[in-house]
Amino acid sequence: MDNKILDQLRHSCAHLLAAAVLDIYPQAKITLGPAIKNGFYYDIDFEDEKISPSDLKKIEEKMKQIVKTWTGFKKIEVSEKEAKKIFKDNPYKLELIDEIVSRKEKITLYQSGDFIDLCRGGHIEKPNENIKYFKLLSIAGAYWRGNEKNKMLTRIYGTAFFSKEDLDNYLKKYEEAKKIDHKKLGLQLGIYLLAPEVGSGLLLWAPDGAFIRRKIEELIYKEQEKRGYLHVYTPHIGKKSLWQTSGHWDLYRDKMYSPMNIDEEEYLIKPMNCPFHMMIYKSTPRSYRDLPLRIAEIATVYRYEKAGELSGMLRVRHITQDDSHIFCQEEKVIDEFLGVFEYMEYLLKIFGIKKYYLRLGLRSPKEKYLGNNEIWIKAEKEIVKAIEKRGLKYIRSEGDAAFYGPKLDVIIEDALGREWQCGTIQVDFMLPQRFNLEYVDKNNQIKRPVLLHRAPLGSLERWVAILIEHYKGAFPLWLAPKQVEILPISEKYNDHAKKIDNLLKENGLRSMVNSENETLGKKIRNATLKKIPYLIIIGEKEVEKNKIAVRTRKGEDLGQLEIN
RNA sequence: GCCGAUGUAGUUUAGUGGUAAAACAAACCCUUGGUAAGGGUUAGAGUGCGGGUUCGAUUCCCGCCGUCGGCUCCA
């Protein structure tokens, strides 16, 4: 199915939604209603009326009734004056009309049945025939024009398809996806937990989650050592003045926790590791022979996230980054950037993550940044040169830069199709200047290094959340906290099972015996639900032949294997 | 933070204006079993917290807290 036609169906369905809402709630002011990735929405100002999910049914019914009279979409071109007359009671549409006029575009209206909407077009031809399989899904708040200073509107989400089968499939897929949601699976598998007594967004890594994290950390240390990184440890707090030098205090303060007083001086909990790594760079005079200097640390940083933004392990208030700051000569930035990128690709491959995209985060006029225009353009150029050297595809995104420089991010979808920023590489000409970092080049000239900030996985909290969903809880052998569970068929074989268990442990396998007084079927069921990769069944036959019967978590029976 | 929903044993859920029901998990007993749930017994919550309405609230109302779906924001 052509996505464009599906979008047209969904956008048409959004018109229908608006028409039904106006029919039931005449005081409502409709605003915008686009097609989106998996459906459509319409943002509506219901004024004092409260809309809840229980109202969706009757809106759907009204839509079904109205669509019968919609034989097509009629395009009408109008003057500014006419448009403003038609929408005189709708301040949102009036605002849109002004914008269209200021862009010197034509004002187009589309009429279907009795309903007229300001719209640039893109509808299906026969709504009464094609809009049949749709469903309103949820209600949410959304700020007018996406700006939190504006009024919050009511957003109604829905989806539509050309066939009942496609619609049912989509709804079914969505239900399936909810089952592998890391928030649910992560708790079930004992990976993490959230205790209200601890505080919002502060997660506790349960033993199996901690195990997985440790394995990932081991991988990081091993791979980074190979690539010339030097690992350090730095404190979780530091003097406020340090953060004033770095610019965090001015531009990142709303993400930082309140200062604490120690010996009559103010200290802050770190939201980033940068300043500490700067100090390590500065601790001794540097020569070009020392560069690139790659200071790395797996470190937890603390950031204030708004309560409503928190989400399981994906969005928390303390994040553990696989962080590093690379100090290099300006002429080596592209090489370093590509080196980091190759490492990032290597990690994605190891974890089997194939579905992701790259986003180039640039400044937007709305936000505040450090430094001047020239230096930003230079940094952006370096990134683009590096990306193009490798021929990578990426999207440009204004407003996604760090406050000290542009960056390239890896964006990965979670089970429910939401996008999350994971790995990141950032080019920074700013902090070396603010911290007055220097090195001596081969002509004995003092030069300033360029800084790359990079975290190829992003944060371990988010990364493990992504992995839980990616593997559907069935972690690969190297990450699985328990690799083998030994199931004696009856208590008579417990001793023999224990011997096998010891043998496996001696050989470096993570095994355990389930000696519960339960049936084999039940033990298999429980171990399979825990996603344990291999089950070993021990009964009379195995003891006699000194063999083991092996079954996988997928249900394959590998038969009887020799022990040696 | 904002909009909406929601909060009942460890977990998943039921239920009612008259002081809570079940399954799974747990403990114990019987059973000693061959590839996704064997049977029984027992214990376990006063219904997120604080107010209010009421003779009486888990149920209705208000506030707070947590969680979920969005918005904004972000690793």
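Lettering of chains follows the sequences in order, A, B, ..., and the numbering in each one begins at 1.
Comparing B:U58 with B:G50, their C1' atoms sit 15 Å apart, to the nearest whole Å. Straight-line distance between the P atoms of B:G38 and B:A25: roughly 9 Å, to the nearest whole Å.
Among the duplex regions that RNA chain B forms, those built from at least three successive Watson-Crick or G-U pairs under 3.5 Å are B:1-7 with B:65-71, B:10-13 with B:21-24, B:26-30 with B:38-42, B:48-52 with B:60-64, ordered by first number.
The side chain of A:Lys522 contributes an N or O atom lying less than 4.0 Å from OP1 or OP2 of B:A25.
Cation-pi check for A:Arg227 over A:Tyr346 is met; the charged atom lies under 6.0 angstrom from the ring centroid and within 45 degrees of its normal. Note that A:Arg10 lies in the cation-pi zone of A:Phe161, set by a 6.0 Å cut-off to the ring centre and a 45° limit from the axis.
The two residues A:Leu477 and A:Gln483 make their nearest non-hydrogen contact at O-NE2, 3.1 Å.
Each of A:Val550 and A:Asn526 lies near RNA chain B, and the nucleotide nearest A:Asn526 is the one positioned closer to the 5' end.
Donor-acceptor pairing under 3.5 Å is lacking for the side chains of A:Glu47 and A:Tyr25. No donor-acceptor contact under 3.5 angstrom links the side chains of A:Lys541 and A:Gln560, judged on distance only.
Looking at A:Tyr471, its side chain does come within 3.5 Å of a backbone N or O of A:Phe351 through a donor-acceptor pair. A:Glu60 contributes a side-chain N or O that, together with a main-chain N or O of A:Leu136, makes up a donor-acceptor pair within less than 3.5 Å.
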- Message: What does the B/S/- profile of nucleotides 2-10 of chain B look like, 5' to 3', with a 4.0 Å heavy-atom cutoff to protein?
- Response: BBSS-----
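No donor-acceptor contact under 3.5 Å links the side chain of A:Asp557 to the base of B:G34.
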- Item | ring pair (Phe, Tyr, Trp, His ring centres under 6.0 Å) between A:Phe327 and A:His277, intermediate numbers included | CA-CA 10 Å; A:Phe327 305 86; A:His277 293 183; 8.1 Å; no
